[in-house]
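Encoded as structure tokens, the structure appears first; notes follow it.
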Amino acid sequence: MTDLQNQIALVTGATSGIGEVTARTLAQRGAHVILLARNAAKAETTRAAIQAAAGHTQVDVLLADLADLDQVRRVAAEFNARYPRLDILVNNAGLLPSKERKVTPQGNETGLATNYLGPFLLTALLFDKLRESSAARIVNVSSAGYRLANPDLNDLQQERDYSQMFMYSNTKLYNIMFTQELARRLRAHGIQNVTTNALHPGAVASSFAGDSGSLLGVAMRLARPFMISSEEGAATSIFLAADPSVAQISGGYYVKQKPQAVKHSFNTLENARKLWQRTEQLTGTSFLG
Ligand SMILES: NC(=O)c1ccc[n+]([C@@H]2O[C@H](COP(=O)([O-])OP(=O)(O)OC[C@H]3O[C@@H](n4cnc5c(N)ncnc54)[C@H](OP(=O)(O)O)[C@@H]3O)[C@@H](O)[C@H]2O)c1
């Protein structure tokens, strides 16, 4: 199937798990795929494998650590200089933050920066290229773990009370709130050629949390035989990135390719607006204000 010929797709976290399958499938369906990765050696290996699987050479690598917002700015500038437009952006990269709180060169907590601030900034900086597409889709990989979120707008960085699990769950709720607020802002600005949706991929036997040294990492290793494959886990990302049936849908949260209600008391319109403003401050960007 080559239905994505002439489409330009950028997938973050494509060196492993769900992102690798997503990137490979989009390439096999004819898309020109750019892998955004932080590890050059892994990215080259992945690029070669995807090129071989896809049977074409339009698979590129851009290197950046999403947790480092200076690197995100640099890589967005590289993308903007090299490509005429962006048709599919899959914000897939994510990690379970470390047990002990760690900060990035900009002083942001690493999980918040990797899972939320980096993708927000990347999306904002690539937005002009998304607008160049006749029909662009932004897909944000969240998690059903959002249900455990316990956010504090006055302490997004958890400087007072750090918890690896709450930080992960919070970032995954922010991914959904970003998606919904972005959809509202796109509508308010009368922008019809860009849609955005979020998803939970399922419990996937990938490398996720494998090196986190946490109880969840141990639990995930033990549960691997009962978990779905990365191929199955990538299905909803690919569906939202490419299926004609969701071309006009925006602001949704999908599980197993079906829309699902988002149930969390923090997810109010007012909190979504405040979160957006606070994120603009933390990333030093202004986006669809
Ligand atoms: N696995 C699950 O059960 C599950 C469940 C719900 C949601 N999710 C979500 O699914 C997404 C993909 O996870 P996965 O299961 O495929 O995990 P994975 O196998 O660990 O893959 C994560 C990918 O993200 C990349 N990445 C991590 N931090 C990065 C950074 N700072 N900058 C750039 N790239 C970075 C990794 O790069 P390296 O190869 O360099 O490490 C890797 O390519 C995540 O957003 C996760 O939260 C997963």
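Just follow the structure's listing: the first ligand is 1, and inside any ligand the first atom is 1. FYI, side chains are in, hydrogens and waters are out, and symmetry mates aren't considered; it's all heavy atoms of this structure. Counting from 1, the numbers follow the sequence of the chain as shown.
Relative orientation of the Phe178 and Phe287 rings is tilted, given thresholds of 30° and 60° on the angle between their planes.
Side-chain atoms of Thr279 and Tyr116 form a donor-acceptor pair, as typed in the model, at a separation below 3.5 Å.
Asn197 places a side-chain N or O within donor-acceptor distance of the main-chain N or O of Gly252, the cut-off being under 3.5 Å.
Counted within 6.0 Å of CD on Gln257, heavy atoms from surrounding residues, nucleotides or ligands total more than 12; the atom is thus considered enclosed. The number of heavy atoms from other shown groups lying within 6.0 Å of CD (Gln281) is above 12.
Listed as neighbours of ligand 1 are Gly13, Ala14, Thr15, Ser16, Gly17, Ile18, Arg38, Asn39, Lys42, Ala64, Asp65, Leu66, Ala67, Asn92, Ala93, Gly94, Leu95, Thr114, Val141, Ser142, Ser143, Tyr168, Lys172, His200, Pro201, Gly202, Ala203, Val204, Ser206, Ser207, Phe208, Met220, each bearing a heavy atom under 4.0 Å from the ligand.
Evaluation of the salt bridge (charged side-chain N to carboxylate O under 4.0 Å, His left out) rule for Glu270 yields Lys274 as partners, not counting sequence neighbours.
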